[in-house]
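Let me begin by presenting the structure, written as structure tokens, before commenting on it.
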Amino acid sequence: MKTEVLNDIKKTESEYQSMISTAQEEKKKRHAQAELEADNLIAKAQSNAEQYRKLKLEEARHQAAQKHAEIIKEGNQRSAALKEKGKKNLSKAVQLLVSRFKEQLHVGA
């Protein structure tokens, strides 16, 4: 009877040791899986951040290109307007120059 009880205790002890070992292995396995999942999440977050950065950079470049085109267009319009205004005043300026030149000729003579 004592032998049976001792054998049962040893058997139970062995079963518990096996359960503890299994639990420890499961703990290690889950820890490794959690680390892998965390690494994957970090990599995905970094990838998303890089994609977001590229998108925002492209948007900024596009806006800068639009602003550049707008400035060039406005500059061309102002240049054309000034050129037209200059053409309109050209004959008056020539007349003024000729009259001043004639005055200088008469003063000097």
Side-chain angles (χ1 to χ4, degrees):
M1 191 116 166
K2 285 185 179 184
T3 308
E4 265 182 47
V5 171
L6 286 174
N7 284 337
D8 283 343
I9 291 173
K10 284 183 182 182
K11 183 179 175 187
T12 304
E13 190 177 278
S14 176
E15 288 173 0
Y16 282 124
Q17 283 292 52
S18 176
M19 289 169 55
I20 290 170
S21 293
T22 302
Q24 287 176 340
E25 288 299 316
E26 183 67 25
K27 176 185 170 186
K28 287 179 185 178
K29 182 179 173 183
R30 287 187 184 205
H31 184 71
Q33 286 176 340
E35 283 183 3
L36 181 62
E37 187 175 336
D39 288 344
N40 288 340
L41 288 173
I42 290 170
K44 185 176 180 182
Q46 288 173 336
S47 175
N48 289 344
E50 181 65 19
Q51 287 176 352
Y52 180 78
R53 184 189 70 80
K54 286 180 181 178
L55 176 67
K56 289 300 177 183
L57 187 59
E58 186 60 35
E59 286 175 3
R61 284 185 179 143
H62 180 70
Q63 287 177 352
Q66 283 181 327
K67 186 69 174 174
H68 178 263
E70 184 180 311
I71 290 169
I72 295 296
K73 182 180 176 186
E74 288 175 6
N76 288 338
Q77 288 173 345
R78 288 184 66 201
S79 174
L82 288 172
K83 190 175 184 180
E84 189 62 35
K85 187 177 178 182
K87 283 182 183 179
K88 287 180 181 178
N89 292 333
L90 183 61
S91 64
K92 289 180 185 176
V94 169
Q95 288 175 359
L96 181 62
L97 182 65
V98 170
S99 71
R100 295 270 170 95
F101 182 69
K102 286 181 181 178
E103 286 174 9
Q104 289 295 322
L105 281 179
H106 290 295
V107 170

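Distance check: E59 CD to Q63 CD gives 7.0 Å after rounding to the nearest 0.5 Å. In this structure, T12 OG1 and M19 CE are separated by 10.5 Å, a value rounded to the nearest 0.5 Å. Residue I72 holds its CD1 atom at 12.0 Å from NZ of K67, rounded to the nearest 0.5 Å. Atom-to-atom distance recorded for D8:CG and T3:OG1 is 11.0 Å, nearest 0.5 angstrom. Here I9 contributes atom CD1 and E13 contributes atom CD; the two are 8.5 Å apart, rounded to the nearest 0.5 Å.
A salt bridge does not link E70 to K73: none of the charged side-chain nitrogens sits closer than 4.0 Å to a carboxylate oxygen.
The stretch residues 24-33 participates, sequence neighbours left out, in these side-chain hydrogen bond (donor to acceptor under 3.5 Å, both in side chains) pairs: E26-R30, H31-E35.
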Derivation and outcome, side chain to side chain donor-acceptor pair (under 3.5 Å), residues H62 and Q66: CA-CA 6 Å; H62 180 70; Q66 283 181 327; 3.2 Å; yes
Test log, rule side-chain contact (heavy atoms from CB on, under 4.5 Å), inputs L55 and Q51: CA-CA 6 Å; L55 176 67; Q51 287 176 352; over 6 Å; no
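Considering every non-hydrogen atom in both L96 and S99, the closest pair reads O-OG, 2.9 Å.
Chaining together hydrophobic side chains whose heavy atoms lie under 4.5 Å apart places L90 alongside V94, V98.
Judged by distance alone, the side chain of S21 and the main-chain N or O of Q17 form a donor-acceptor pair under 3.5 Å. Not a single donor-acceptor pair under 3.5 Å links the side chain of S14 to the backbone N or O of K10.
Sparse packing is recorded around CD of E37, with 12 or fewer heavy atoms of other residues, nucleotides or ligands lying under 6.0 Å away.
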